Each structure stands twice: as C-alpha cells, then as structure tokens.
Amino acid sequence: MSKETILTRDRDIRLPEFVILKASAGTGKTRALTLRFTQFLLSRVIKHNDPQQILAITFTRNATKEMKERIIWWLKKCCFFSSHSQADRDLEAILSLVTIDRDQLQAQAEETLNKILGNYSDFQVTTIDSFMANIFKASAIELGISPEAEITIDSGPVLAYAFSRLLQNVRADSPEFGLFQAVCQNLKEMRGSKEAYAWDPASDLENILTDLNRKLAAANRRALQFDLETLRKALSELEERFQASREKVASLLSAWEARPKRSALYSRLSRPRITDWLDYDFKILSQDNLPPALSRELRKLKEVVDRYKEIQARIYFQPHLKIYDRFLEVLEQTRKERNLVFLEDIHCRLANYLDQGVVPDIYFSLGSEIYHYLIDEFQDTSPLQWANLYPLIENALSQGGSLFLVGDTKQAIYGFREADYQIMVIKGRDGFASVRPRVAELQENWRSREQLLRWLNRLFPDGIKELPLETMAWKDARLWREAASRSGLDDFTCRPARGSEPFPGYAELKLVDLSRKPKRETANHNNDPDQPEGEELEEPEKKEVQNLIQELLARGYRYADLAILTYENERVKKAAAWLNELQIPFVPYSALDIRSRPIIREILSFLQFLDYPLDELSFSVFLCGQLFQQRLREDGISLQPEAVREFILNHRRTGRAPLYSA
C-alpha cells in the first residue's frame with residue numbers, strides 16, 4: 001500500500017470524514033499530513049478550505065515548524081513547475097488528489113501561497129499546548145482569571161520555590177511539624193534498610209510532592225482526604241471479619257476430600273494475623289475442581305485482605321496528602337503573587353468548565369471558523385486534552401467537516417504527562433455521532449533498510465506473538481503478550497519502501513552475561529596499594545563497545561557515523577568513560593543542552609530573581625555561584641563563598657525582610 005493511496009481524491013471524499021492513520025516510524029506520516037493539508041487548500045471541491053478554516057495540531061514546536069515548511073514547499077512545487085520540467089513524483093501525488101488540471105493548479109497554488117504569506121497568522125499549524133493556551137486567554141474572564149496572567153510552560157522553578165516557602169513554616173511548634181515527622185519516617189521505611197540514611201529528606205519529599213502535583217494536575221483530580229480514626233475503626237472491623245472467614249476456610253478445606261496434598265494455603269491458615277496474608281496471591285481460586293462453598297469463602301477472604309491493604313495504604317499516605325494540601329496552598333499563593341497560570345492548569349480549568357455544561361464563548365467562535373482538524377502524534381494526547389478538543393471537533397464534523405488523526409501506539413512517549421496510548425485504540429475508534437472512523441495504515445518504511453526491518457519484525461510483531469506460553473518458564477510471558485496486544489506491538493506491518501537503496505543494511509544482537517564480570521586487565525594492579533576494593537571488576541559490555549568501535553573505524557567509518565544509545569543517563573556517563581580510555585573524541589548529548597552548564601543555571605536563577613525579587617531560592621543560587629564571585633573580584637572585594645552561604649543561612653533563621661534588602 002503506497003502512501004498516496006491512503007488519501008482519497010477530493011471529489012471522492014464524503015464529508016463529514018474521520019480518518020485514523022496508523023504510521024510506524026519512518027513510514028512518512030509528515031508527508032501524509034502535509035499532503036492532506038495541501039490537498040484541502042488547493043481543492044475547488046472541498047468546502048470551507050480557506051487557511052483559517054483548517055487546523056493542524058502537533059506536539060512540539062519543531063514539528064510545527066517542519067509541517068509549515070513542508071506545506072509551503074508543496075505549494076511552491078505546484079506554483080513554480082513548468083511544462084518542460086521532468087516528471088516529478090511529488091507533483092503527480094498532488095495532481096492525483098486534487099480535481100484540477102496542471103494550468104489551473106499553478107494559478108490556485110499561487111493564490112493560496114499569497115493568502116498564507118499575506119495573512120500568516122491564519123496559517124493554523126500549532127502545538128496543542130499553544131492552541132489550548134490561546135483558547136484559555138480568550139476565555140480568561142469567563143474562567144475567573146486575569147487576562148494579564150502569564151502562562152508559564154516550565155512550572156519546575158515555581159514548584160521548587162513554593163516548597164522552600166513551605167519548609168520555612170516548619171518549626172517544632174507548627175502544625176506541620178508532626179506531619180513532616182510522619183512523612184520522614186515513611187521515607188525511611190520506603191528507602192529500605194540497605195539504603196543510606198537520608199540526612200536531608202527534603203529533596204525526597206520535594207520530588208514526591210512535585211510528582212504528585214504533576215500526576216493529579218494532568219488527570220484533573222484532587223487527592224482524597226480521610227479521617228484517620230474512621231479508617232482505623234474500619235481496620236479493626238476487617239480484622240474481625242478476617243478471623244471468622246479464615247476459620248471457615250480452614251473448616252471447608254478439611255472437609256474437602258480431593259484437597260491437594262501440598263498448597264501454600266495450608267501454611268497461611270496457620271497464621272492468625274491478617275498482616276501475614278498481605279502478600280498471599282490466592283492462586284488456588286484458579287483451580288477448576290474447587291468446591292463452590294470453599295471458593296465463595298476464599299473470595300470473601302480475598303476481598304477482606306484486599307480491602308485491608310487499601311485502607312492501610314490510605315492511612316500510610318495520609319500525612320503525605322495533608323502536607324500536599326498545605327503545599328497547594330503555598331503554591332496557589334505564589335501563583336497569585338506572580339500572576340501565573342501553569343500550562344497544565346489550562347486543560348483542567350477548561351475541562352471543569354465544560355463538565356458544568358457551560359461552553360466558553362470562544363468555542364462558539366471557533367466552531368464557526370474551523371472545519372477541518374489534523375492531529376499529529378495522537379497516541380500522546382492525554383484524555384484531558386482530548387476531552388477539551390472533543391466539543392470543537394464534534395461541532396466541525398456535524399457541519400460537514402473532517403478529522404484526520406495520525407499516530408502510532410508504539411511511539412507513545414508522553415506517559416510522564418499522563419498521556420494514554422490506548423486513546424488511539426479506544427477513544428479514536430469510538431467515533432462521533434455524525435461519522436464513524438476509517439482506519440488506514442502506512443506500511444512502507446522510507447527510513448530504515450531491509451535487513452534492519454527484518455530484524456525488527458522478528459521481535460515485533462512476529463516474536464511477541466510467538467512466545468510459547470505453555471512451555472516457557474518465563475512467568476511474565478502472558479503479560480507481555482497481553483501488553484503487546486493492547487499497544488499494537490503485535491499488529492502492524494512495516495516493510496522496505498519500493499525502490500529503496502540496493503544495500504540491505506545490517507543488524508546484529510549480542511547478549512552479554514552481566515552477572516559474570518571479568519577482572520580488569522591492569523599490568524600493575526597487584527602493585528597498586530591504592531586500588532580500591534571492587535575496582536578490579538569491569539562491565540562486559542565495555543570491551544564489546546570498545547572493540548566494535550575499533551573494528552568499525554578500521555572498516556572506514558568515521559567517528560561522526562557512530563552513535564551509542566543507552567537506556568538511562570547514568571549509563572551515558574559510563575560509556576563516556578569507556579571512550580575516554582581510548583582517547584576517542586565524542587559529544588555527549590547532555591553537552592548540547594546549555595541549560596545543564598553551571599554558568600547558565602546561575603544566569604537563569606538571576607533572571608528568575610529579577611522577575612520575582614521575593615524568590616530567595618533563585619537569588620541564593622546566584623549569590624553562591626561563580627558569576628557573583630567574579631564580579632566581586634573585579635570590584636576588588638574579598639568575600640569568600642563560605643561567608644556568603646553563612647549570611648544566607650543566618651538571614652533565613654532570623655531575617656524577616658527580603659534577602660535582597662538585607
């Protein structure tokens with residue numbers, strides 16, 4: 001199936017139309033999206049196709065920039081061709097989709113290009129965050145927000161500042177002190193006995209609160225608060241029900257003539273405390289020959305144990321949630337002082353407004369302007385974002401518009417923002433009242449070569465479908481099969497594009513036993529008394545990587561042709577050390593991000609302080625940094641960093657005025 005046949009000729013499109021396009025990596029989804037957009041712009045058959053009536057939504061600014069450039073490139077291709085030009089595959093693709101002859105196409109493309117360049121703001125290709133932010137700004141007064149409020153994309157610095165303000169309120173006589181003590185005890189238990197003692201648990205607690213805020217904000221939810229006395233009473237009642245149920249199960253098991261000789265249930269029944277049952281899996285319930293009475297009582301026992309675990313967890317985390325509530329109060333105060341709105345709050349406020357059955361005026365305005373929607377990377381759309389877009393799209397479809405979704409569940413990467421890849425499988429295919437979806441798939445890969453694709457197909461989709469569940473000792477095989485089925489890893493086609501390069505490529509998989517680490521080959525190791533214990537072991541993959549690089553260089557490859565990918569940042573540091581040993585020049589990806597450099601962090605902290613002078617945390621980072629020390633030296637002032645830090649600490653203990661005026 002070629003990518004051109006995915007799209008229908010304009011005269012054959014029956015509006016409203018809803019298309020879901022599955023597109024694996026490298027199959028040309030950007031081409032399909034921009035070709036669809038260009039087709040609608042040039043068509044004289046499709047109604048409501050002015051630039052301001054078509055909206056393309058992406059997830060990153062780079063994708064927005066690329067899509068705009070590609071659409072303009074398509075229009076230029078149609079505008080500047082001549083009758084003497086050689087056959088052009090791209091131009092033929094446009095002509096196959098638009099009911100127009102070549103001469104008319106040139107004039108139509110020129111007119112459309114002038115429209116876009118003359119009113120560039122009407123050229124609606126934007127990120128979903130920018131689109132919803134514009135809706136929010138237009139509805140600010142309706143939503144009870146100041147129109148002058150600043151929308152901030154990165155809430156991290158504000159969250160860190162709010163947490164520091166919260167810590168300042170924690171004193172021995174404060175109501176928060178007992179909660180913090182309980183949380184610190186919980187953190188100690190969660191770290192485990194083998195972990196180092198947390199001398200400063202503030203960092204761990206800050207991570208917990210910020211992660212909790214991110215998850216709840218993305219899902220538009222608030223943490224539930226429970227009365228501890230009521231919960232403890234419920235635990236006591238469950239313990240009584242547990243004892244009665246346990247004794248009844250023991251009696252029914254003894255009366256069962258066909259009972260198994262060996263079962264984990266026997267040892268559990270001898271334990272009278274419910275806390276000894278919290279890790280029991282109740283696998284015996286899966287047996288077919290279980291007596292009905294025993295099965296019913298075991299299920300009752302399981303329900304009691306599950307309910308006990310749930311209530312116990314609620315009690316355990318109540319101090320965290322109470323502190324989180326205090327954190328939200330300080331955070332809200334900080335936002336009001338700075339007149340800020342977080343990007344993640346925009347979706348929540350709009351969703352709450354729509355849930356009340358009230359539609360902002362801007363929705364009515366957009367509903368009469370935008371008729372055709374194209375959404376890229378749909379698998380990374382969160383349920384909350386989709387809920388806010390749904391009324392607009394539903395209105396467009398009811399008026400003869402269209403929706404074109406492109407995505408791939410295998411490429412879902414926005415789980416950290418509570419995006420749900422299953423939205424493409426479940427929500428997308430639910431359709432709308434006015435139209436059901438047509439599902440298509442891009443199957444030709446234009447990025448990777450044949451051997452690499454064959455190797456990939458042996459893993460997914462073929463390999464995951466062929467896991468021998470009945471004979472494998474791997475207990476999680478069934479779970480992997482089920483996960484692959486839900487995510488689409490076992491149901492896609494990806495083959496080399498026709499006419500691709502003759503060299504088929506190469507792929508190799510080598511498994512390294514990490515449990516057997518050879519000793520480091522160092523000639524003077526035994527004569528080095530300073531060699532620390534444990535340093536004689538090195539990782540097996542180190543030699544594999546070093547040898548492979550040397551081999552590839554000998555075969556004529558350049559350093560610039562090679563890339564080393566790791567699963568996590570810590571492994572990047574180790575790989576960098578392996579390359580340094582061989583004096584191999586390399587550029588770590590982290591070095592490309594200037595924000596990771598200390599000097600840049602100091603500048604950003606100073607700018608954040610200037611933006612909000614009460615942000616003493618950012619000001620302190622700047623005062624303790626190299627830039628401030630350099631300025632002092634240039635002015636002939638001798639002030640050691642230790643003295644600066646001591647001054648900041650003393651001011652925090654005793655000062656009431658802002659740090660900048662102290």
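Note that the structure is predicted; figures quoted are calculated from it, not measured.
Remark: F282 engages Y280 in a ring pair (Phe, Tyr, Trp, His ring centres under 6.0 Å) (not counting sequence neighbours). A search for salt bridge (Lys or Arg N to Asp or Glu O under 4.0 Å) contacts involving R571 returns E539, E541, not counting sequence neighbours. For the ring pair (Phe, Tyr, Trp, His ring centres under 6.0 Å) test, residues two or more places apart in sequence or in another chain that qualify with F609 are F619. Applying the salt bridge (Lys or Arg N to Asp or Glu O under 4.0 Å) rule to D376 yields the partners K29; only residues at least two apart in sequence or on another chain are considered. Residues passing the ring pair (Phe, Tyr, Trp, His ring centres under 6.0 Å) test with F492, sequence neighbours excluded: none.
Judged purely by atom type and a 3.5 angstrom limit, E344 has no side-chain atom pairing as donor or acceptor with the backbone of A217. Under a 3.5 Å cut-off, the side chain of D490 and the backbone N or O of I464 do not form any donor-acceptor pair.
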Test side-chain contact (heavy atoms from CB on, under 4.5 Å) applied to T381 and I57, step by step: CA-CA 11 Å; T381 305; I57 294 176; over 6 Å; no
Report the C-alpha distance between D306 and K309 in whole Å, list the side-chain angles of each, state the deciding distance to 0.1 Å, and finish with yes or no for salt bridge (charged side-chain N to carboxylate O under 4.0 Å, His left out). CA-CA 5 Å; D306 289 344; K309 288 190 287 188; 3.8 Å; yes
Given side-chain contact (heavy atoms from CB on, under 4.5 Å), test N213 with L328 step by step and report yes or no. CA-CA 8 Å; N213 182 73; L328 287 183; 3.6 Å; yes
Salt bridge (charged side-chain N to carboxylate O under 4.0 Å, His left out) between K300 and E303: does it pass, once the steps are laid out? CA-CA 5 Å; K300 290 181 182 179; E303 290 176 4; over 6 Å; no
Mind running side-chain contact (heavy atoms from CB on, under 4.5 Å) on F317 and I208 for me, showing each step along the way? CA-CA 11 Å; F317 287 105; I208 289 174; over 6 Å; no
Derivation of the side-chain contact (heavy atoms from CB on, under 4.5 Å) call for R326 and L166: CA-CA 8 Å; R326 290 286 299 116; L166 177 64; 4.0 Å; yes
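Taking every heavy atom of both residues into account, Q411 and A25 meet most closely at NE2-N, 3.1 Å. Pairing each heavy atom of L238 with each of V304, the nearest pair is O-CG1, 3.5 Å.
Ring-plane geometry between F378 and W386 is classed as perpendicular, the angle between the planes exceeding 60 degrees on a 0 to 90 degree scale with a lower cut at 30.
Figure legend: R335 and F342 shown as a cation-pi pair, the cationic atom lying under 6.0 angstrom from the six-membered ring centre and within 45 degrees of its axis.
Ring-centre distance between Y308 and W277: not below the 6.0 Å cut-off.
D279 has a carboxylate O that lies under 4.0 Å from a charged side-chain N of R268, or vice versa, which qualifies the two as a salt bridge.
A donor-acceptor contact under 3.5 angstrom links the side chains of Q379 and E377, judged on distance only.
Looking at heavy atoms from C-beta onward, Q225 lies in side-chain contact with L321 at the 4.5 angstrom threshold.
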Residues 245-252 side chain polar contacts: donor-acceptor under 3.5 Å, at least two apart:
residue, atom, partner, partner atom, Å
S245, OG, E297, OE2, 3.1
R246, NH1, L269, O, 2.5
R246, NH2, Q243, OE1, 3.4

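Exactly one of D615, D611, T152 qualifies for a side chain to side chain donor-acceptor pair (under 3.5 Å) with R338. That residue is D615.
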